[in-house]
Amino acid sequence: MIKRVYIETPLGIASITANEQGITDIIIVENAVEEKDLEIPDFLEEAAIQLKDYFTGDRTDFDLQLHPSGTDFQKKVWNELSKIPYGKTVSYLDIAKRLGDPKVIRAAATANGKNPLWVVVPCHRVIGSDGSLTGYAGGLWRKKWLLAHESPAKQQSLF
């Protein structure tokens, strides 16, 4: 049975979907659809809490029961993404090298773009080899916001 919960984030409404095995996807949606069954499994509620904590700056990593759907290769890429520390970035080439073959850079980039677990599997931490903010399914402005949010050097206001 599939369950879903919506939360407000600084970047839009996030939909968190789960089945009996765990969280299957976290995506940004245009509109929240009211769910008929209000019973939310504990691990889905925990995902909402952890995401809210991330956005308030009270959490830097996630401890969730995940169950995304994808190919074996995609899952390998997402596993590598999960190893990128909070506040750090790597290049698409770095990911390909971690997979054991620099020639899979395009396939790794494609798998990165199909990441179904927004923020929790931090595909936003992957940038171009030249440091550019290349490609992001949620829009480059969201990627820029997320990287700034995770930056150890926070800009302080003078007023």
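Residue indices begin at 1 and follow the sequence shown.
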Could you tell me which residues satisfy side-chain hydrogen bond (donor to acceptor under 3.5 Å, both in side chains) with E45, sequence neighbours excluded, listed by chain and number?
none

Quick one: are L146 and L11 in side-chain contact, heavy atoms under 4.5 Å?
yes

Reported OG-to-CG distance for the pair S69 and N19, which is rounded to 0.5 angstrom:
9.5 Å

Side chain to side chain contact (heavy atoms under 4.5 Å, CB included) filter on A137, not counting sequence neighbours, yields none

Residue pairs involving residues 58-77 (criterion ring pair (Phe, Tyr, Trp, His ring centres under 6.0 Å); sequence neighbours excluded)
Y54-F62

Set of residues satisfying side chain to side chain contact (heavy atoms under 4.5 Å, CB included) with respect to D58, sequence neighbours excluded
D53, T56

Can you give me the closest heavy-atom contact between K75 and G70, atom names plus distance?
CE-O, 3.3 Å

Quick one: does any side-chain atom of S151 pair with a main-chain N or O of L147 as donor and acceptor, under 3.5 Å?
no

About how many Å separate OG1 of T9 and CD1 of I26, when rounded to the nearest 0.5 Å?
11.0 Å

Begin from the C-alpha positions of V77 and V104 and carry the test side chain to side chain contact (heavy atoms under 4.5 Å, CB included) through to its verdict.
CA-CA 10 Å; V77 171; V104 300; over 6 Å; no

Side-chain polar contacts of residues 114-123 - donor-acceptor pairs under 3.5 angstrom, sequence neighbours left out - could you list them?
from, atom 1, to, atom 2, distance (Å)
N115, OD1, L117, N, 2.9
N115, ND2, V121, O, 2.7
W118, NE1, Y136, OH, 3.0

With side chains defined as the heavy atoms from C-beta onward, is the minimum distance between I23 and F43 less than 4.5 Å?
yes

Under the ring pair (Phe, Tyr, Trp, His ring centres under 6.0 Å) rule, what pairs show up with a residue in residues 8-27, not counting sequence neighbours?
none

For A48 and I7 the tightest heavy-atom approach is CB-CG2, 3.7 Å

Between F55 and W145, what is the ring plane arrangement, given parallel below 30°, perpendicular above 60°, and tilted in between?
tilted

Sorted by chain and number, sequence neighbours left out, ring-ring contact (aromatic ring centres under 6.0 Å, His included) with W141 holds for none

My understanding is that only residues two or more places apart in sequence, or in another chain, count here; which of them pass side chain to side chain contact (heavy atoms under 4.5 Å, CB included) with S132?
D130, T134

In chain order, what residues pass the side chain to side chain contact (heavy atoms under 4.5 Å, CB included) check against S15, with sequence neighbours excluded?
R4, Y6, T17, I27, V29

Sorted by chain and residue number, the side-chain hydrogen bond (donor to acceptor under 3.5 Å, both in side chains) partners of N79 (sequence neighbours excluded) come out as none

Write out all pairs satisfying side-chain hydrogen bond (donor to acceptor under 3.5 Å, both in side chains) with one or both partners inside residues 89-103, taking only residues at least two apart or from two chains.
S91-D94

I'd like to know if the side chain of K143 reaches the main chain of G135, judged simply by a donor and an acceptor atom lying under 3.5 Å from each other, with no hydrogens or angles considered.
yes

Transitively linked via ILVMFWY side-chain contacts under 4.5 Å: I49 with Y86?
no

Which atom pair, heavy atoms only, marks the closest approach of L64 to A47?
CD2-CA, 3.5 Å

Residues passing the side-chain hydrogen bond (donor to acceptor under 3.5 Å, both in side chains) test with E46, sequence neighbours excluded, are Q50

In a check of side chain to side chain donor-acceptor pair (under 3.5 Å) between H124 and each of R142, K144, E150, which one passes?
E150

